[in-house]
Amino acid sequence: MKIINTICPNCSVGCGVGLIVKDGKVLGIYPNKRHPINEGKNCLNGRTCHKIINHEKRLKNPLIKKNGAFVEVSWEEALNYIASHLKKYNGDEITFIASGKCTNEDNYALKKLADGLKAKIGHCICNSPKVDYAEVSISGDIEEAKNIVIIGDVFSEHALIGRKVIKARDKGARITIFNTEEREILKLNADKFIKVDSYLDIDLNDFKDDLIIINAPIDTDKFKNNKFKNFKILPVAKHCNTVGATLLNIPALNREEYFNLLKDSEFLYIVGENPALVNKDILKDVDFLVVQDVIFTETADLADVVLPTRCWAEKDGTFTNFEKKIQHIKKAVDPQHKALEDWKIIKKLAEKLNINLGFESFDELHKEVMSYLKDLN
């Protein structure tokens, strides 16, 4: 038995976890006690993040829809089928959807393919704040704050941030929470709880010297214009690599922008996202749909081609958390099926289209991604 230290994929905090591996199988999760963010603690989502490896809807083989039903095919047939259809469309008719759940390397490869085809690309930030990046550190600044305003619910959705807030409260910090629903966990952990109909209507003019933790889709320029003294913002993205995808120059889309892009696409290639879970009709006018994912989703059910990808525990790569901290995930096990890494699928498809992505191996891809992200800082 061995423990492979890696990063939890279930939100953008970036907690360290250890995968317990025996005989090539992941048996469970062990908190990384030396990781500076979670300090040996994991929330419920973190403790169960390995379960996707053996999910009952796990995709195991490429699928092509023939006569209304999915048929298992080889990788060669699936990629040839996609490439032959891609060639029928102009770049402005093609859209690629990246994901905050994919690694920097996967999203970078997808961006290069989209650029090679002169196609559109974007990634949905869901209900994450469409704002600048963190101005504070979860590892130190939160605990030392004197006043904290929380917009949304970090206690349920990002429990390890909630833990830091509770530590700050124990040191005397005043906690004010705005939320659209009355929840007992929020009332218990707040000095003042304020229910609002919309986060857009929040007025912070009475607050001074506040650290604000944002977990809602609001424009922080509204608050910055108040010119608070020592005012700092901690926007918390929903997915583990939402910030990474944005830093790679993939447009970050709120839900309305995302749905408009989907509706405006004839050839749609979706990686790691499931828009049909929210609205099945949003894809009804798409002429050809490819879905690349770990499990069979509502969106996959509508696709013309479905491609099985490796999950986070079956590949190497990097995530960028909401503090813009780049962290490495490490392969712990091999998949027990024919799933491939996202970047490798994209590269194989690019080769079918005679597009050179500029890398031949994961190591070359990783080096290029790290150089790109480093130049941004």
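Note that this is a predicted model, so its numbers are computed, not measured.
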* Just by distance, do the side chain of N107 and the backbone of A98 share a donor-acceptor pair under 3.5 Å? -> no
* Hey, could you give me each pair passing ring pair (Phe, Tyr, Trp, His ring centres under 6.0 Å) that has a residue in residues 260-299? Not counting sequence neighbours. => F70-F296, Y81-F288, H85-F288, Y89-F267, F96-Y269, F267-F288
* Audit row: E39, K164, side chain to side chain contact (heavy atoms under 4.5 Å, CB included) steps and yes/no -> CA-CA 11 Å; E39 300 171 332; K164 299 289 186 179; 3.5 Å; yes
* Structure fact -> The side-chain contact (heavy atoms from CB on, under 4.5 Å) partners of K171 (sequence neighbours excluded) come to E143, E144
* Asked: Closest heavy-atom contact between F322 and A237?
  -> CB-N, 4.4 Å
* Enumerate the residue pairs fulfilling ring pair (Phe, Tyr, Trp, His ring centres under 6.0 Å) with a member in residues 141-185, sequence neighbours excluded, ordered by first and then second residue. => none
* Indicate if L353 and I94 have the same hydrophobic cluster label, given that clusters are the connected sets of ILVMFWY residues with side-chain heavy-atom separations under 4.5 angstrom. => yes
* Any K41 side-chain heavy atom under 4.5 Å of C15 side chain -> no
* Asked: Heavy atoms, side chains only, cut-off 4.5 Å: are D293 and V271 in contact?
  -> no
* Hey, are the side chains of V286 and E266 touching, using non-hydrogen atoms and a 4.5 Å cut-off? -> no
* Asked: ring pair (Phe, Tyr, Trp, His ring centres under 6.0 Å): which pairs involve residues 16-69, sequence neighbours left out?
  -> none
* **Check ion pair K187-E182 (N to O, under 4.0 angstrom)** => yes
* **Least distance between heavy atoms, I125 atom then T242 atom** => CG2-CG2, 3.8 Å
* Asked: Under the 3.5 angstrom rule, does the side chain of W75 hit a backbone N or O of K338 as a donor-acceptor pair?
  -> yes
* Pair N241, N104: side-chain N/O donor-acceptor within cut-off below 3.5 Å -> yes
* **Minimal non-hydrogen separation, G152 against I177, with atom names** => O-CG2, 3.8 Å
* If two hydrophobic side chains count as joined below 4.5 Å and joins carry through other members, does I29 share a cluster with V13? -> no
* To do: Report yes if the side chains of L59 and I295 come closer than 4.5 Å at any heavy-atom pair, otherwise no.
  => no
* Give, for atom CG of L79 and atom CG of L349, the distance between the pair rounded to the nearest 0.5 Å. => 6.0 Å
* Quick one: side-chain contact (heavy atoms from CB on, under 4.5 Å) partners of K2, sequence neighbours excluded? -> I4, V21
* Sequence neighbours excluded, every pair satisfying salt bridge (charged side-chain N to carboxylate O under 4.0 Å, His left out) that has a member inside residues 19-31 -> none
* Below 4.5 Å, heavy atoms only, C-beta onward: do V291 and L302 meet side chain to side chain? -> no
* Does a side chain donor of either Q327 or T318 reach within less than 3.5 Å of an acceptor in the other side chain? -> no
* Does the side chain of E314 come within less than 4.5 Å of P335's, by heavy atoms? -> yes
* Does some side-chain heavy atom of T246 sit less than 4.5 Å from a side-chain heavy atom of L248? -> no
* Looking at residues at least two apart in the chain, or sitting in another chain, which of them share a side-chain contact (heavy atoms from CB on, under 4.5 Å) with E181? -> N179, R183
* Is the number of heavy atoms from other residues, nucleotides or ligands within 6.0 Å of NZ (K51) greater than 12? -> no
* To do: State plainly whether one hydrophobic cluster holds both L160 and V17, where clusters connect Ile, Leu, Val, Met, Phe, Trp and Tyr through side-chain heavy atoms under 4.5 angstrom apart.
  => no
* same_hphob_cluster(V243, I326) at 4.5 Å side-chain heavy-atom cutoff -> yes
* Evaluate side chain to side chain contact (heavy atoms under 4.5 Å, CB included) for I3 paired with L19, printing each intermediate quantity in order. => CA-CA 5 Å; I3 294 178; L19 293 174; over 6 Å; no
* Under the side-chain contact (heavy atoms from CB on, under 4.5 Å) test, which residues partner D191, sequence neighbours left out? -> R169, R174, I175
* **Side-chain H-bond candidate by donor/acceptor type, K330 with N5, under 3.5 Å** => no
* Asked: What salt bridge (charged side-chain N to carboxylate O under 4.0 Å, His left out) pairs are there with at least one residue in residues 359-371, not counting sequence neighbours?
  -> K112-E368, K347-E360
* Got a second to check how far E323's CD is from D141's CG, nearest 0.5 Å? -> 8.5 Å
* Please walk me through it: do I166 and N189 pass side chain to side chain contact (heavy atoms under 4.5 Å, CB included)? -> CA-CA 7 Å; I166 291 171; N189 288 293; 3.5 Å; yes
* **Distance (rounded to the nearest 0.5 Å) between D264 CG and D285 CG** => 10.5 Å
* **For A109 against F359, the heavy-atom pair lying closest together** => CB-CZ, 3.9 Å
* P235 and I233, any side-chain heavy atoms less than 4.5 Å apart -> yes
* What is the minimum heavy-atom distance between N45 and N10, and which atoms define it? -> O-ND2, 2.8 Å
* Structure fact -> So salt bridge (charged side-chain N to carboxylate O under 4.0 Å, His left out) across residues 62-73, not counting sequence neighbours, yields K66-E77
* Asked: Between N321 and S12, is any side-chain donor less than 3.5 angstrom from a side-chain acceptor?
  -> no
* To do: Say whether, by atom type as modelled, one donor and one acceptor occur between the side chain of T176 and the main chain of V149 under 3.5 angstrom.
  => no
* Any pair with a residue in residues 78-100 that passes salt bridge (charged side-chain N to carboxylate O under 4.0 Å, His left out), sequence neighbours left out, goes on the list, sorted by first then second residue, please. => none
* With a cut-off of 6.0 Å (strictly less than), are more than 12 heavy atoms of other residues, nucleotides or ligands near NZ of K352? -> yes
* **Listed once per pair and sorted, the ring pair (Phe, Tyr, Trp, His ring centres under 6.0 Å) pairs that draw on residues 234-260, sequence neighbours left out** => none
* Structure fact -> One should read off an interatomic distance between T103 OG1 and D316 CG, to the nearest 0.5 angstrom, of 9.5 Å
* To do: Count the heavy atoms belonging to other residues, nucleotides or ligands that lie under 6.0 Å from CG of D170, then report whether that count exceeds 12.
  => yes
* Asked: With the threshold set at 4.0 Å, does a side-chain nitrogen-carboxylate oxygen contact exist between E76 and K348?
  -> no
* For S99 and E273, test the side chains for any donor-to-acceptor distance below 3.5 angstrom and give the result as yes or no. => yes
* Residues E341, R310: salt bridge by 4.0 Å N-O rule -> yes
* Structure fact -> Taking every heavy atom of D106 against every heavy atom of C102, the minimum-distance pair comes out as CB-CB, 4.0 Å
* **Single-linkage hydrophobic cluster, 4.5 Å side-chain cutoff, L186 and L234 together** => yes
* To do: Walk me through it: do K263 and I282 pass the test side chain to side chain contact (heavy atoms under 4.5 Å, CB included)?
  => CA-CA 6 Å; K263 288 189 292 186; I282 204 71; 3.5 Å; yes
* State the CG-CZ distance between N279 and R255, to the nearest 0.5 angstrom. => 10.0 Å
